[in-house]
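All values below were derived from every heavy atom in this structure, side-chain atoms included, with hydrogens, water molecules and symmetry-related copies excluded. Each chain gets a letter, A, B and so on, in the order its sequence line appears, and its residues count up from 1. Worth saying up front: this structure is predicted, and the values here are computed from it rather than measured.
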Amino acid sequence: MRTNLCGEINKEFAGKEVTLSGWVGRRRDHGKLIFLDLRDFSGVVQLVFNPGINKNPYTTAKDVRSEYVIKISGKVTNRSKDTINPSIPSGEVEIVVKDIKIFSKAKTPPFLLEDRSKVEENTRLKYRYIDLRTRQMQENIRLRHNVTDATRKYFNSKGFLEIETPIMAKSTPEGARDFLVPSRMNPGKFYALPQSPQLFKQILMFSGFDRCYQIARCFRDEDLRADRQPEFTQIDMEMTFVEADDVMEIMEGLFSHIFKEVLNKEVKLPFKRIRWKDSMETYGTDKPDLRFGLPIKDISGLFRNSEIKIFKDVLKNNGAVKSIVVNDYLDFTRKELGHLVETARKFGAGGLVWIKIDENMNLQSPISKFLSDTEKEGLIKALSLKEKNLLLIVADKFITACQTLGMIRKHLARKLKLIRADEFNFVWVYDFPLFEWDEKEKRITPVHHPFTKPDENTAGYLDSEPLKVNSMAYDIVLNGVEIGGGSIRINDVNLQKKIFKILKLDEKKIRENFGFFTRALEYGAPPHGGIAIGMDRLIMLMAKVKSIREVIAFPKTQSAVCMLTDSPSSVTDEQLKEVSIDIMEEDGQE
RNA sequence: GGAGCUGUCGUCUAGUGGUUUAGGACACAUGCCUGUCACGCAUGAGAUCGCGGGUUCAAAUCCCGCCAGCUCCGCCA
C-alpha cells in the first residue's frame, strides 16, 4: 500500500520511486497541470499531475476531490528554486505521479480542516472523524498516547503491577451519583459503573500485590464542565507499607518522567508543598496557581479598634480583614474598580474596599476619611506599600474573605497578564481537614473520601470535635488545576467503622454498602496509600488547551450527549422487559 | 436546580422594525488556465434567519415560551 509516509519525504528522497497512501487535502487545478496535497498522520507532500508526462493519472486526478483516499506511485523530484515551499518539511520536493488509485471517494466535508479553529465545537463533535484528522487533534491524541505509554513504563520499572478491576461494580451511594446498569439475570438489581477503582485497589493491597496501578476509566453522573466529563481517565496507583512522603516521591518521579519523555521538559524536584490552611490563607483556594504572586495578606490586627464599622463588626464576629496589593492603580479605571466590587459580591463577600496610594503616599479611597493615621501608617508598614500601589480589601467571615480574594487574585492575574504561561508549576497541598460541615445536608462529610486515614496529631479530636481532625491526604495541583488527590488509607477496621459512624452512616447501611470492604479489612490489612491523577486534565494542561474535550477522542457535550452517535438513546420495550424496567411517564414525576 | 453568553447558506459571518429578491468570504458546481501551495479568472447553485407563539400595516430584527451549544455557581465522597 505504501513504501513511505508523506511526512518523511524530503530532498534526501530525490530521484526515488515511492508509493504513498493518504487523504487528499487541497487541490489546485491549473487546467493542464494539477497539484494535490496528500496527507497522512505524518504530514503532507505535494503531488503533481502533468498530462505531458503521464496522461492517465492526470485524467483521474481531474475527478479527485478533498478527503478522497488515494494511493499514488511516482518519482520524488526536486522543485525548481522559485517553487520551493519553505512552510512544509517536504517543500523542497514533490511527487511526479505515474500511477494513482482511488480507494474511496468522499462527500464534500462539512468544514475544511484548516478552518477548524473557527468552526463551532458541536459541528466538530458531530463530524468528529473529520475533526480528528486535523493536525491539532492528531497531536493531542498522540500526546495522550505518549502519556499513558510513559506512565506504564515508569510504573513497570518501579515494580508496580497493572491490574484491572471491574467496570461492572457495586453502587456505593456516598459521593458522586453512580451510573447504573440493570442486571437481566438478577431482576431489580443493578451494577454501578465505578467512580474510581478505590476499594478494589485497596483490596489488592490487602492481597499482597504490594504496588499496583491502573489507567482507569471512571464514571460519575454529575454535571459537566470544561474540565469534567461523565467518563474520564485516572492514573490510579496504590502502594503497601508506605507513608505520604513515599507516595509523593514516587509521583514526583512519574511527573518528571512523563514531562521528560513526552515534552522533553525538566520539572524541578521536589515539588513545593503547602499546608491546606496556608494555601487557603495566602491564595484563597486549595488549588493555588503559583505561576504568579499577588499573595493575600491578613491585616485584621490593624483594625481591632477601628472606627470603620464593617471592619469592626466583622472582627467582632471572628471574621478577618484580608488584602491584596496590586502594583499600579493606573491599570484600573473607576469603572473597573466598580467591576471588582461587583465580582467580590458575586463570590459571596459583602463588598470590597479599594485604596490608592498616590505619589505623596496619601491614601485615596471611599473610606479614607474614616481611616485613622495609625491605621494608615500601619497599612503602609505592614504591606510595605509604595506609591501608585492599589490595595484591595475584603472584610468578611474568614473563609469568605479568603475565597473572595482568591477569585479576585485569579481575575487580576489574567487582567494584568501576570501568569507565566510557559511554566508548569506543581505544588502539593497537604494537611487537609478530614471532614467538613455540609450546610445543605446538615451533616459531616469527608473532604477526601471515608477511607482516608486521620492524621495522628489531631486524631484525638475524632470523638469530641471531628471537624478539628486533619487527614493524611494530599492533592497535587498543576497551574492552579487540581490534577490529583490521594491519601494514606485506613487499615484498621475499628477506625474505619468509627469514621463511618461519625459520617452518620447507620450499621445497616455500612453492612449493605461497605460490608465486603470492612470484612476484607478484618483479615490482615497492611498500611497502604496511593493517589489518583485526573489524566485528561493533566494532558489538557500539557497540550495547553482550554477543555478536556480537546484531548478525548469522543467526548460528550455539557448535557452528557455524544453528538457523533446520539447516545444516550431510547431502547426497545423488549430490551426494557428483559431487564425488568418500566419507564415512568413525565407526568408521573413531581 | 440556578446565572450568563450564543444560535442567519455546508462553514465563518454582515444585517438592531420597511433600503433585503437576507449581503460577503471560504467551500461547492461548470468553464478557462502548465508552477500553484489560502492558486487565479468568469459564471452558477446554495438560507423553513434554532423551534413555537405573540406585538405590529410590516419581524432575522421587539416580547414570551421552548430547544440546542458553551462558560460558570450548586453538584463532583
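- The gap from the C1' atom of B:U71 to that of B:C9 amounts to 28 Å, rounded to the nearest Å.
- Legend: residues meeting side chain to side chain donor-acceptor pair (under 3.5 Å) with A:Q202, ordered by chain and number and at least two apart, are A:Q198, A:H528.
- Base pairing of B:U19: no nucleotide in any strand meets the Watson-Crick or G-U wobble criterion (both distances under 3.5 Å).
- Of the nucleotides present, B:C41 is the one that pairs with B:G31 by Watson-Crick or G-U wobble criteria, both distances under 3.5 Å.
- B:C33 has no base stacking with the ring of A:H30 when judged by centroids under 5.5 angstrom apart and an interplanar angle below 30°.
- Partners of A:K81 according to the salt bridge (Lys or Arg N to Asp or Glu O under 4.0 Å) rule, which considers only residues two or more places apart in sequence or in another chain, do not exist here.
- Base pairing of B:U36: no nucleotide in any strand meets the Watson-Crick or G-U wobble criterion (both distances under 3.5 Å).
- Remark: A:K415 NZ is packed, more than 12 non-hydrogen atoms of other residues, nucleotides or ligands lying under 6.0 Å away.
- Nucleotides B:U61 and B:U48, compared at atom P, are 15 Å apart to the nearest Å.
- Using a 4.0 Å heavy-atom cutoff across all strands shown, A:S559 reaches sugar-phosphate atoms only and no base atom.
- Contacts of A:D223 with the nucleic acid, taken as non-hydrogen atoms under 4.0 Å apart, include base atoms.
- A:R28 has a side-chain polar atom (N or O) that falls below the 4.0 Å cut-off from OP1 or OP2 of B:C39.
- Applying the ring pair (Phe, Tyr, Trp, His ring centres under 6.0 Å) test to pairs two or more places apart or on separate chains, those with a residue in residues 493-519 of chain A are A:F206-A:F517, A:F451-A:F514, A:F451-A:F517, A:F500-A:F514.
- Among the protein residues, A:K440 comes within range of the sugar-phosphate backbone only, with heavy atoms under 4.0 Å from sugar or phosphate atoms but none that close to a base.
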Point to revise | Footprint string (nucleotides 40-47 of chain B, 5' to 3'): B base within contact, S backbone only, - free, heavy atoms under 4.0 Å | key: --------
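- Distances shown here put a side-chain N or O of A:R65 below 4.0 Å from the OP1 or OP2 atom of B:A29.
- Among the protein residues, A:E121 comes within range of the sugar-phosphate backbone only, with heavy atoms under 4.0 Å from sugar or phosphate atoms but none that close to a base.
- Residues that satisfy the ring-ring contact (aromatic ring centres under 6.0 Å, His included) test with A:H448, not counting sequence neighbours, are absent from this structure.
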**Study point:** Chi angles and distances behind the salt bridge (charged side-chain N to carboxylate O under 4.0 Å, His left out) call for A:K544, A:E139
**Key:** CA-CA 12 Å; A:K544 306 262 187 211; A:E139 278 174 8; over 6 Å; no
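- Side-chain atoms of A:R79 and base atoms of B:C37 include a donor and an acceptor less than 3.5 Å apart.
- For the OP1/OP2 pair of B:C73 and a distance below 4.0 Å, the side-chain nitrogens and oxygens of A:R225 include at least one atom meeting the criterion.
- Taking every heavy atom of residues 213-221 of chain A and every atom of RNA chain B, pairs under 4.0 Å involve A:R220, by number.
- Residue-level contact check: A:T83 touches the bases, meaning some heavy atom is under 4.0 Å from a base atom.
- In terms of the salt bridge (Lys or Arg N to Asp or Glu O under 4.0 Å) criterion, residue partners of A:R177 (sequence neighbours excluded) are, by chain and number, A:E222.
- Among the heavy atoms of the strands lying under 4.0 Å from A:P450 is at least one base atom, whether or not backbone atoms are also near.
- Taking A:F200 as the reference, nothing meets the ring-ring contact (aromatic ring centres under 6.0 Å, His included) condition, with sequence neighbours excluded.
- Near RNA chain B, defined here as any heavy-atom distance below 4.0 Å, the residues from residues 31-60 of chain A are A:G31, A:K32, A:L33, A:F35, A:Q46, A:N50, listed numerically.
- In this structure, the salt bridge (Lys or Arg N to Asp or Glu O under 4.0 Å) partners of A:D115, at least two apart in sequence or on a different chain, are A:K118.
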Point to revise | Base-contact (B) and sugar-phosphate-only (S) positions in nucleotides 3-10 of chain B, heavy-atom cut-off under 4.0 Å, - elsewhere | key: -------S
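- A:K410 NZ: 12 or fewer foreign heavy atoms inside a 6.0 Å radius.
- A heavy-atom distance below 4.0 Å to RNA chain B is reached by none of the residues of residues 484-501 of chain A.
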